2 protein chains.
Amino acid sequence: MKITSRQNCPIRRATSVLSDQWSFLIIREFFLEGKRRRFQDLQSELGLSPNTLSNRLKRLEQQGVIERQIYSDHPPRAEYVLTSKGNALAPIMNALYDWGTEYPDTNGEDRNG
Amino acid sequence: MKITSRQNCPIRRATSVLSDQWSFLIIREFFLEGKRRRFQDLQSELGLSPNTLSNRLKRLEQQGVIERQIYSDHPPRAEYVLTSKGNALAPIMNALYDWGTEYPDTNGEDRNG
DNA sequence: CGGTATCCCTATTGATACTG
DNA sequence: CAGTATCAATAGGGATACCG
């Protein structure tokens with residue numbers, strides 16, 4: 001890692017996308033549960049309210065991490081998939097996984113999920 | 001990555017520590033600027049208010065990621081260093097760095113720093 | 001220098017109800 | 001099913017002043 005400038009730092013850019021809990025946890029679901037996730041899947045898996053999930057998904061879509069595919073069926077069906085940019089998060093998720101495995105003792109408060 | 005349970009997931013544990021922007025960016029400073037960081041160094045480098053920095057440092061210390069060393073000099077001197085647990089974050093930071101380098105185009109709003 | 005104490009603003013989140 | 005609308009609670013964070 002050869003960071004030379006704090007301005008425009010790659011880590012900063014990365015964490016500006018992954019700035020909050022939900023973004024990480026939503027992306028985790030794609031690696032955990034499968035390539036294609038539906039709105040209600042994510043909601044029940046993560047236990048968040050629909051408006052929060054909607055906001056996070058919109059942001060992630062804007063950032064090019066996930067892609068939304070909507071089918072006008074009845075009932076309607078929406079599927080979210082990782083883009084190549086989203087799939088490229090795998091090393092980060094793996095690194096987080098490894099670290100969380102090696103140091104399981106965080107006194108961080110736990111939520112449902 | 002073989003996640004079997006959403007409960008007690010290592011990624012969840014990791015992100016509960018690295019839940020916010022500042023934690024990542026504070027830790028980044030240790031890898032960027034050096035092993036030992038002082039309060040004022042971090043504050044001027046990151047451009048945050050002292051109370052916010054104080055809160056983040058306390059939490060990171062509680063979580064065992066950094067260690068606080070206080071010297072009762074005049075003027076007083078405090079130094080923060082990464083613990084082994086904190087140093088073990090290097091792969092995560094590297095992965096974030098790589099991803100942020102490969103995908104520099106996030107429309108995430110930028111701050112100072 | 002290394003913080004703490006206030007005050008205040010904003011974003012995030014949950015809860016709930018509702019729509020196409 | 002896949003969201004949107006609304007209201008309320010909370011935490012994160014900035015600005016500023018102050019203390020040992």
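Convention: sequence-line order gives letters A, B, ...; per-chain numbering from 1. All values derive from a computational prediction rather than experimental measurement. Worth knowing before you read on, the calculation uses all heavy atoms, side chains too, and leaves out hydrogens, waters and symmetry mates.
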[X] side chain: which of [options] is closest?
| X | options | value |
| --- | --- | --- |
| B/Ser49 | C/dG14, C/dG2, D/dA15 | D/dA15 |
| A/Ser54 | C/dC1, C/dT13, D/dG3 | D/dG3 |
| A/Phe39 | D/dG14, C/dG2, D/dG3 | D/dG3 |
| A/Lys58 | C/dG3, C/dA15, D/dT4 | D/dT4 |
| B/Asn51 | D/dT4, D/dC1, C/dT6 | C/dT6 |

Is there side-chain contact between [X] and [Y], with heavy atoms separated by less than 4.5 Å?
| X | Y | answer |
| --- | --- | --- |
| A/Glu33 | A/Asp41 | no |
| A/Phe39 | A/Leu57 | yes |
| B/Arg12 | A/Leu25 | yes |
| A/Leu18 | B/Leu96 | yes |

For this session: With DNA chain D as reference, determine whether B/Arg56 or B/Pro50 sits nearer its 5' end, using the nearest nucleotide of each.
Result: B/Arg56
What is the distance, rounded to the nearest whole Å, between atom [atom1] of [X] and atom [atom2] of [N]?
| X | N | atom1 | atom2 | result |
| --- | --- | --- | --- | --- |
| B/Gln43 | D/dG13 | CD | P | 14 Å |
| B/Glu79 | C/dC1 | CD | P | 14 Å |
| B/Leu42 | D/dG13 | CG | C1' | 17 Å |
| B/Gln21 | D/dG12 | CD | P | 14 Å |
| A/Leu48 | D/dT10 | CG | P | 19 Å |
| B/Leu53 | C/dG3 | CG | P | 8 Å |
| B/Ile26 | D/dG12 | CD1 | C1' | 13 Å |
| B/Gln40 | C/dT4 | CD | C1' | 16 Å |

Exercise. Angle, rounded to 10°, between the helical axes spanning five pairs at each terminus of the helix from C/dC1-D/dG20 to C/dG20-D/dC1?
Worked result: 50°
Seminar exercise, completed: Output for pair (B/Ile26 CD1, B/Leu53 CG), nearest 0.5 Å, gives 5.5 Å
For this session: Could you check A/Glu67, A/Glu29, A/Glu45 and say which one makes a salt bridge (charged side-chain N to carboxylate O under 4.0 Å, His left out) with A/Arg37?
Result: A/Glu45
So does [X] get a side-chain nitrogen or oxygen closer than 4.0 Å to the phosphate oxygens (OP1/OP2) of [N]?
| X | N | result |
| --- | --- | --- |
| B/Arg38 | C/dG2 | yes |
| B/Arg68 | C/dG3 | yes |
| B/Trp22 | D/dG12 | no |

Seminar exercise, completed: Assign each of A/Thr52 and B/Ile70 the nucleotide of DNA chain C bearing its closest heavy atom; nearer the 5' end lies the nucleotide of B/Ile70
For this session: Using a 4.0 Å heavy-atom cut-off across all strands, classify B/Asn55 as base, sugar-phosphate, or nothing.
Result: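 If one applies the 4.0 Å heavy-atom cut-off, B/Asn55 turns out to touch nothing in the nucleic acid.
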For this session: Select base, sugar-phosphate, or nothing to describe what B/Tyr80 touches, counting heavy atoms under 4.0 Å on all strands.
Result: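 Contact class for B/Tyr80: sugar-phosphate only.
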For this session: Could you tell me whether A/Arg36 and A/Glu79 make a salt bridge, using a distance below 4.0 angstrom between a side-chain N and a carboxylate O?
Result: yes
